[in-house]
Enquirer: 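Could you have a look at this structure, given as structure tokens, before my questions?
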Amino acid sequence: LDEYGAARRVSLASPLHLTLNSSVQYIDLPAGDVISVQPPEPFGPDVALASLGAKASASSSTRWNPAANAIDGDDGAANVGDLAGSPAWGSAYGDADPELTVTFAHAERIDRVLLATSSVGSTMPGIRSWLVEVREASGPWRVVASHSNLFYDRAALSKFPPVSTTAIRIKVERVHF
């Protein structure tokens, strides 16, 4: 069933591939049947963690939400009632061009960045549009991905061709309130 109640019957006699996204989907199985969900692709380790030597800095932050919160490995920011209680980075009020930079302990080969934020269903502002930039050794920053108009979803995966980089930067272009 979808979020509007439209039903679709399928046979599970052979593997069924469903695309899971932000749309509500209900699956009704007969008693005793089993379902398994597999990731669509494998992910390597999170190389942007403080525990691995990464350092975070930002254009600004609130006193409750320093840049280091973005790389502390705590993924419990979902369903938090206010920014001060959230274990996430938060730019200071009035920062018109928020940026978060993560510098690795050594060059890392990456091909994606997952950005999680508050969705439109939250009482907190959330990031809506951003650029992902990388910096090689001592070179200039360059844009490798962008995302526009994240509205309903809480997270988005930005993929790009693999690059060896010493730092990544998220440049926030738009937020929603």
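Not measured: the values here are computed from a predicted model.
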Enquirer: Below 4.5 Å, heavy atoms only, C-beta onward: do Arg142 and Val134 meet side chain to side chain?
Expert: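 With C-beta onward as the side chain, the pair touches.
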Enquirer: Carefully, step by step, assess Val113 and Ile168 under the rule side-chain contact (heavy atoms from CB on, under 4.5 Å).
Expert: CA-CA 9 Å; Val113 171; Ile168 59 172; 4.2 Å; yes
Enquirer: Measuring from Arg169:CZ to Ser59:OG, what's the distance to the nearest 0.5 Å?
Expert: 10.0 Å
Enquirer: Does some side-chain heavy atom of Leu52 sit less than 4.5 Å from a side-chain heavy atom of Phe104?
Expert: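 Counting from C-beta outward, Phe104 and Leu52 never come under 4.5 Å.
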Enquirer: Going by side-chain contact (heavy atoms from CB on, under 4.5 Å), name the residues that satisfy it together with Ala67, two or more places apart in sequence or in a different chain.
Expert: Ala56, Ala58, Trp89, Leu100
Enquirer: Can you name the nearest heavy-atom pair linking Phe160 to Val144, along with the distance?
Expert: CB-O, 3.3 Å
Enquirer: Would you name the heavy atoms of Ala48 and Val102 that are closest together and state the gap between them?
Expert: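 Heavy atoms of Ala48 and Val102 come nearest at CB-CG1, 4.0 Å.
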Enquirer: According to side-chain contact (heavy atoms from CB on, under 4.5 Å), who are the partners of Val143, at least two apart in sequence or on a separate chain?
Expert: Leu131, Glu133
Enquirer: Under the salt bridge (Lys or Arg N to Asp or Glu O under 4.0 Å) definition, can you give me all pairs with a residue in residues 46-69, not counting sequence neighbours?
Expert: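 Of all non-adjacent pairs touching residues 46-69, none passes salt bridge (Lys or Arg N to Asp or Glu O under 4.0 Å).
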Enquirer: What is the minimum heavy-atom distance between Thr101 and Trp141, and which atoms define it?
Expert: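 Looking at all heavy atoms of both residues, the shortest contact is CG2-CH2, 3.8 Å.
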Enquirer: What are the two closest non-hydrogen atoms of Glu136 and Thr166, and how far apart are they?
Expert: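 Taking every non-hydrogen atom into account, C-OG1, 4.2 Å.
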Enquirer: How would you list, by chain and number, every residue that makes a side-chain contact (heavy atoms from CB on, under 4.5 Å) with Ser60, sequence neighbours excluded?
Expert: Ser91, Ala92, Asp95
Enquirer: Compare all side-chain heavy atoms of Val132 with those of Ile170 and state whether any distance is below 4.5 angstrom.
Expert: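 Answer yes - side chains close enough.
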Enquirer: In the hydrophobic cluster built from side-chain contacts under 4.5 Å, what are the other members alongside Phe43?
Expert: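 Its cluster mates, by chain and number, are Leu114, Leu157.
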Enquirer: Mind jotting down which residue pairs meet the side chain to side chain donor-acceptor pair (under 3.5 Å) criterion with at least one end in residues 105-115? Sequence neighbours excluded, please.
Expert: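 Every pair satisfying side chain to side chain donor-acceptor pair (under 3.5 Å) with a residue in residues 105-115: Glu41-Arg112.
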